[in-house]
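Presented below is the structure to which this report refers.
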Amino acid sequence: MRGPCSSASVSVWDALGLVLLHEVKTDREYPPFDRSTRDGYAVRSADIKLGAQLKCVGEIKAGDTVTQPLTPGACVQIMTGAAVPVGADAVVMIEYTQREGELIRFERAAQAKQNIVPRGSEARAGQTILKAGMRLGFAELALAAQVGATQLQCAKRPRIAILSTGDEVVLIDEQPGAFQIRNSNSVSLAAQVRIAGGEPVVLGNAADRVEDLGEKIERGLKEDALVLTGGVSMGKYDLVETVLKALGAEFFFDAVSIRPGKPAVFAVCKSKPVFGLPGNPVSTMVTFQLFVTPAIDLLSGGDAHPLALVEARLGQALNERPGLTHFLPARIEWHGAEPHVSALKWQGSGDIAALAGANCFVVVPSEREKIASGERVSVLLRKDVV
Ligand code: AMP
Ligand code: MG
């Protein structure tokens, strides 16, 4: 499943979230000169003793070319980001000085090297600073921009087909009949595909009929991966697995010991990864995060990120049925020195509102029934834009 489908040269302005396909090296040393990290005075540290006075012989702004070496007994006013002159080995912060005309009185002793970042200490010239396979976030893009790498060869976003199923499902801008529902899963899935770095290709909804499902699944298999929702449970009209089998799919799992999301399916059909996620909206969203997000990492040409798990202290006690690993919609917040997490009230897997208020899931291991308030628990952070 690994590997990008194709690559493109992308401007650094447009490469957020893409996977880089080549190394980026520095074009020169960083910093390219001995750089002052403070506004103050460049000095020879040996000249400074408590209460020392030195003559200020000039000023260096960030960007100035510095040619004059600093002579003993003198100092130069210097700004943050400016080049430290030859001869100076320390910068004293302006806050620790008094100025009387050309004379500067130093109220603190200076240590050699203080407030100076030496030339080449952040990176050598030609050093690799970004590796192939890295996903480009804001800091990685800034690094590329810093070294002048304004065009980057990146993997194209994998195209992820999204197909919902169910005779009860109508378009979101249609008025549903009394027993129908709007296709909210296609909306959450398209958003989750984008967050994971893919490009959603929304194929609409298939009826619970073999022919319609078959046609639309085959259409979905033209993309890099296919994600279905609904139709994977045990009901008479849950036909996704039947249709996939008829198309020659090889199944890797057809149920998972988790709640929500037990009926989730993963298969490879006509060489394309296919996820059959349960139709209940919370199950769809949770199983996407658990199974599809890492697959999109791989399809994007990068490594699969480990699950975003953290530990927190449980607010209210929990009592869950053992046998399945539970992922309970929850909120994690800092209280004092550590994070606390509380599961939210929810009405089961159809309760989108519970998930809309959640920023994480409490993970309850399958062997646990009761967890007392105050215990440390694992928390899966909700992968999102907020
Ligand atoms: P299923 O997995 O097909 O048995 O569907 C389970 C339940 O999920 C259905 O009864 C619907 O209430 C809900 N559901 C299925 N598909 C969607 C969808 N596309 N959008 C929102 N809810 C859905
Ligand atoms: Mg259904």
Side-chain angles (χ1 to χ4, degrees), residues 1-8 17-21 133 135 154-166 169 183-206 212-232 238-256 258 261 263-279 281 283-307 383-384:
M1 192 153 82
R2 171 183 279 281
C5 326
S6 49
S7 67
L18 296 180
V19 172
L20 183 68
L21 295 178
R135 199 179 279 278
C154 296
K156 279 194 179 162
R157 294 181 188 281
R159 290 169 57 91
I160 312 296
I162 294 168
L163 178 60
S164 72
T165 70
V169 176
N183 192 352
S184 64
N185 282 353
S186 285
V187 174
S188 61
L189 286 171
Q192 286 184 289
V193 164
R194 282 213 175 85
I195 291 162
E199 185 185 332
V201 181
V202 179
L203 299 181
N205 187 67
D212 194 37
L213 252 180
E215 260 169 42
K216 288 178 174 150
I217 286 177
E218 288 206 83
R219 164 68 189 87
L221 293 173
K222 293 190 176 16
E223 305 301 341
D224 299 316
L226 168 63
V227 178
L228 294 129
T229 68
V232 287
D238 291 326
L239 300 170
V240 167
E241 283 166 84
T242 311
V243 172
L244 283 172
K245 262 187 208 123
L247 289 168
E250 183 188 354
F251 286 81
F252 289 80
F253 59 79
D254 61 4
V256 199
I258 59 172
V265 169
F266 174 64
V268 171
C269 190
K270 299 192 194 287
S271 310
K272 298 292 171 64
V274 180
F275 293 89
L277 309 182
S283 310
T284 313
M285 295 187 243
V286 170
T287 49
F288 186 99
Q289 183 165 340
L290 290 174
F291 305 118
V292 188
T293 295
I296 292 179
D297 282 339
L298 296 174
L299 289 167
S300 304
D303 293 328
H305 286 102
L307 287 182
K383 185 158 181 169
D384 217 324

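This one's a predicted model, so the numbers in the text were calculated from it and none came from an experiment.
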Set of residues satisfying salt bridge (Lys or Arg N to Asp or Glu O under 4.0 Å) with respect to R219, sequence neighbours excluded: E223
Does D297 have any salt bridge (Lys or Arg N to Asp or Glu O under 4.0 Å) partners at least two apart in sequence or in another chain, and if so, which? R135
Criterion side-chain contact (heavy atoms from CB on, under 4.5 Å) on I160 and L299, from CA distance to verdict: CA-CA 10 Å; I160 312 296; L299 289 167; 4.2 Å; yes
Mind jotting down which residue pairs meet the salt bridge (Lys or Arg N to Asp or Glu O under 4.0 Å) criterion with at least one end in residues 184-203? Sequence neighbours excluded, please. R159-E199
Using the side chain to side chain contact (heavy atoms under 4.5 Å, CB included) criterion, which residues pair with V187? Sequence neighbours excluded. I172
Review item, side-chain donor-acceptor pairs of residues 239-246, under 3.5 Å, at least two apart:
none

Please list, chain by chain and in numerical order, all residues satisfying side chain to side chain contact (heavy atoms under 4.5 Å, CB included) with A255, sequence neighbours excluded. none
Contacts satisfying side-chain hydrogen bond (donor to acceptor under 3.5 Å, both in side chains) that involve residues 264-273 (not counting sequence neighbours) are none
Name every donor-acceptor pair, under 3.5 Å, that has one atom in a side chain of residues 285-294 and the other anywhere in the protein, sequence neighbours excluded.
| unit_1 | atom_1 | unit_2 | atom_2 | d |
| --- | --- | --- | --- | --- |
| T287 | OG1 | S283 | O | 2.6 |
| T287 | OG1 | T284 | O | 3.2 |
| Q289 | OE1 | K383 | N | 3.2 |
| Q289 | NE2 | L381 | O | 2.6 |

Tell me every residue that passes ring pair (Phe, Tyr, Trp, His ring centres under 6.0 Å) with F251, counting only those two or more places apart in sequence or in another chain. none
Would you check if there is a donor-acceptor pair between the side chains of S164 and N185 at a distance under 3.5 Å? no
For D254, what residues pass the salt bridge (Lys or Arg N to Asp or Glu O under 4.0 Å) criterion, not counting sequence neighbours? none
